[in-house]
**Student:** 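Mind having a look at this structure? Questions to follow.
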There are 2 protein chains.
Amino acid sequence: MRIGELGQATCVDPETIRYYERIGLLPAPVRRTNGYRAYGLAHLERLAFIRHCRALDMPLADVQRLLHLLDHPLDDCLDVDRLINTHLAHVQGRLQSLQALARQLEQLRGRCHGRHTTAECGILHELVAAAQGEGCVCHDGSAPNSPEVI
Amino acid sequence: MRIGELGQATCVDPETIRYYERIGLLPAPVRRTNGYRAYGLAHLERLAFIRHCRALDMPLADVQRLLHLLDHPLDDCLDVDRLINTHLAHVQGRLQSLQALARQLEQLRGRCHGRHTTAECGILHELVAAAQGEGCVCHDGSAPNSPEVI
DNA sequence: TAAAAACCTTGTAGCCACTACATGGTCAAG
DNA sequence: CTTGACCATGTAGTGGCTACAAGGTTTTTA
């Protein structure tokens, strides 16, 4: 398989495949005499695994660790469990911030009714007011830095 | 106000403040004789506005547009409405993918029971199987590229 | 047969929103 | 008078790609 064919089979841009090779995620394949990369089934499966993990929104570093564990079948699998749990906690946290975010944005929307100048715009007024009224979290003792929405 | 004081008052790292100035989001303040930046109340309010928008997860380009509209009170405020709506749609889309994601991860978790080798790990098996069984979306006609979780 | 197109190669730079570091100047307290 | 906290600038790194540029190869078309 050439890189383009592998890309088609997995829906991955060839540039991304080369990128995965560059950062050591996908092993470098053998080359044809003309220098083209020649992939086999093992590469296809590995790439599919990577993309599935990415579809689960895992960072490439985590994928790297899972691949390593796959390559060493005798290792302890406790790490897999931990990794998935950590990732799930991360996703759930992000979910919560996003929900709060959507609520705030919904409140904001509809404050601006039709055509008028920005000077009278309810949304802008609300944003400015909220920014001013906002106490800095790091000042009332809790967190050292503002809890950023990620 | 020096940059550190402004940073404390708004919970923003001084390096981030300099960054905002560099990309033209925060106007360059006057300088003291020693070269230190000297900020006033207007800067503080503008920075608070920026951070509030960022807390709503808006990209800086959107914040830039809102600031421009704030600076031009006679402009049409329809843009504000559109911007917020677009952003809300974006957030809601992301929320949906994240929810699907969390469900998948929850299914995955618990497939690995206790201590054994990775060769017998249910999670890893599941991941590999899912990756193999996964038809490529771009092959059954719908989207040109796989719908990425963002 | 020639030209055009589609593929491949490498390397580099850009995206976003910061963050970290290196190197050096300035200022207040002990 | 030294120590430490602050400030200045500029550069490089983060993640996960994406987009070139400049060239070589292969396939298709006229």
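The figures that follow rest on heavy atoms only: side chains count, while hydrogens, waters and symmetry mates do not. Naming: A, B, ... by sequence-line order, numbering from 1 per chain.
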**Student:** How about A:E126 and A:Q104: does a side-chain donor come under 3.5 Å of a side-chain acceptor?
**Tutor:**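 On atom types as modelled, these side chains do not qualify, holding no pair under 3.5 Å.
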
**Student:** Salt-bridge test for A:R2 and A:E5: reply yes if a basic N is under 4.0 Å from a carboxylate O, no otherwise.
**Tutor:**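 Looking at A:E5 together with A:R2, the answer is yes, because their closest N to O distance falls below 4.0 Å.
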
**Student:** To the nearest Å, give me how far apart CD (B:E21) and C1' (C:dA17) are.
**Tutor:**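 Result: 17 Å.
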
**Student:** Does a side-chain N or O of B:R37 approach OP1 or OP2 of D:dT9 to a distance below 4.0 Å, or not?
**Tutor:**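 Affirmative; the distance criterion is met.
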
**Student:** Can you find a side chain N or O atom of A:N34 that sits less than 4.0 Å from OP1 or OP2 on D:dG24?
**Tutor:**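 No, outside the criterion.
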
**Student:** Need to verify one output field. Residue with the more 5' nearest nucleotide on DNA chain D, B:G35 or A:A61?
**Tutor:**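 So the residue in question is B:G35.
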
**Student:** Could you give the CG-to-P distance, from B:D57 to C:dC16, as a whole number of Å?
**Tutor:**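 Between P of C:dC16 and CG of B:D57: 15 Å.
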
**Student:** Can you check the B:Y39 OH to D:dC7 C1' distance for me, whole Å?
**Tutor:**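 Rounding to the nearest Å, OH of B:Y39 and C1' of D:dC7 are 11 Å apart.
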
**Student:** Between B:R22 (CZ) and C:dT19 (P), how many Å, whole number?
**Tutor:**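 Computing the B:R22:CZ to C:dT19:P distance gives 12 Å.
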
**Student:** Can you tell me the distance, in whole Å, between the CD atom of B:Q8 and the C1' atom of D:dA5?
**Tutor:**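 So the two atoms are 12 Å apart, to the nearest Å.
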
**Student:** How close or far is atom C1' of C:dC16 from atom CZ of B:R94, stated in whole angstroms?
**Tutor:**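 Nearest whole value for this atom pair: 13 Å.
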
**Student:** Could B:D71 and B:R46 be called an ion pair, given the rule that one side-chain N must be under 4.0 Å from one carboxylate O?
**Tutor:**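 Salt bridge between B:D71 and B:R46, a charged N being under 4.0 Å from a carboxylate O: yes.
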
**Student:** Classify the nucleic acid contact of B:R32 as base, sugar-phosphate or nothing, counting any heavy atom under 4.0 Å across all strands shown.
**Tutor:**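 Contact class for B:R32: none.
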
**Student:** Tell me the interatomic distance from B:D62, atom CG, to C:dC16, atom P, rounded to whole angstroms.
**Tutor:**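 Roughly 11 Å, once rounded to whole Å.
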
**Student:** For B:R18 and D:dT9, is the shortest distance between a side-chain N/O and OP1 or OP2 below 4.0 Å?
**Tutor:**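 For B:R18, the contact criterion (side-chain N or O under 4.0 Å from OP1 or OP2 of D:dT9) is not met.
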
**Student:** What does the B/S/- profile of nucleotides 2-7 of chain C look like, 5' to 3', with a 4.0 Å heavy-atom cutoff to protein?
**Tutor:** -----B

**Student:** Step through the shown structure and confirm whether more than 12 heavy atoms of other residues, nucleotides or ligands are within 6.0 Å of CD on A:Q96.
**Tutor:**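 Counting neighbours around CD of A:Q96, 12 or fewer heavy atoms of other residues, nucleotides or ligands fall under 6.0 Å, so no.
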
**Student:** Whole angstroms only, please: what is the CZ-P distance between B:R31 and C:dT26?
**Tutor:**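 For the pair B:R31 CZ and C:dT26 P, the rounded distance is 13 Å.
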
**Student:** Where the side chain of B:R54 is defined as all heavy atoms beyond and including C-beta, which of C:dA17, C:dG11, C:dT26 is the nearest nucleotide?
**Tutor:**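 In terms of side-chain proximity for B:R54, the closest of C:dA17, C:dG11, C:dT26 is C:dA17.
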
**Student:** Under 4.0 Å between any heavy atoms, over every strand shown, what does B:P59 touch: base, sugar-phosphate, or nothing? Just pick one.
**Tutor:**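 Sugar-phosphate: the residue B:P59, judged by heavy atoms under 4.0 Å, touches backbone atoms but no base.
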
**Student:** Both B:E15 and B:L60 contact DNA chain C. Which one's nearest nucleotide lies toward the 5' end?
**Tutor:**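 Taking each residue's closest nucleotide, the earlier one in sequence belongs to B:L60.
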
**Student:** When you measure from the side-chain N and O atoms of A:T16 to the phosphate of D:dT18, is any distance below 4.0 Å, counting only OP1 and OP2?
**Tutor:**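 It does, given that an N or O in the side chain of A:T16 lies less than 4.0 Å from OP1 or OP2 of D:dT18.
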
**Student:** Determine, step by step, whether B:V30 and B:Y39 satisfy the side chain to side chain contact (heavy atoms under 4.5 Å, CB included) criterion, reporting the C-alpha distance in whole Å, the side-chain angles of both residues, the deciding distance to 0.1 Å, and the verdict.
**Tutor:** CA-CA 7 Å; B:V30 293; B:Y39 294 99; over 6 Å; no

**Student:** Judged by modelled atom types alone, do B:R51 and B:Y20 share a side-chain donor-acceptor pair under 3.5 Å?
**Tutor:**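 Their side chains do contain a donor-acceptor pair, which is all the 3.5 Å distance test asks for.
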
**Student:** Could you check A:L6 against A:R37 for side chain to side chain contact (heavy atoms under 4.5 Å, CB included), going step by step and ending with a plain yes or no?
**Tutor:** CA-CA 10 Å; A:L6 178 62; A:R37 289 169 176 84; over 6 Å; no

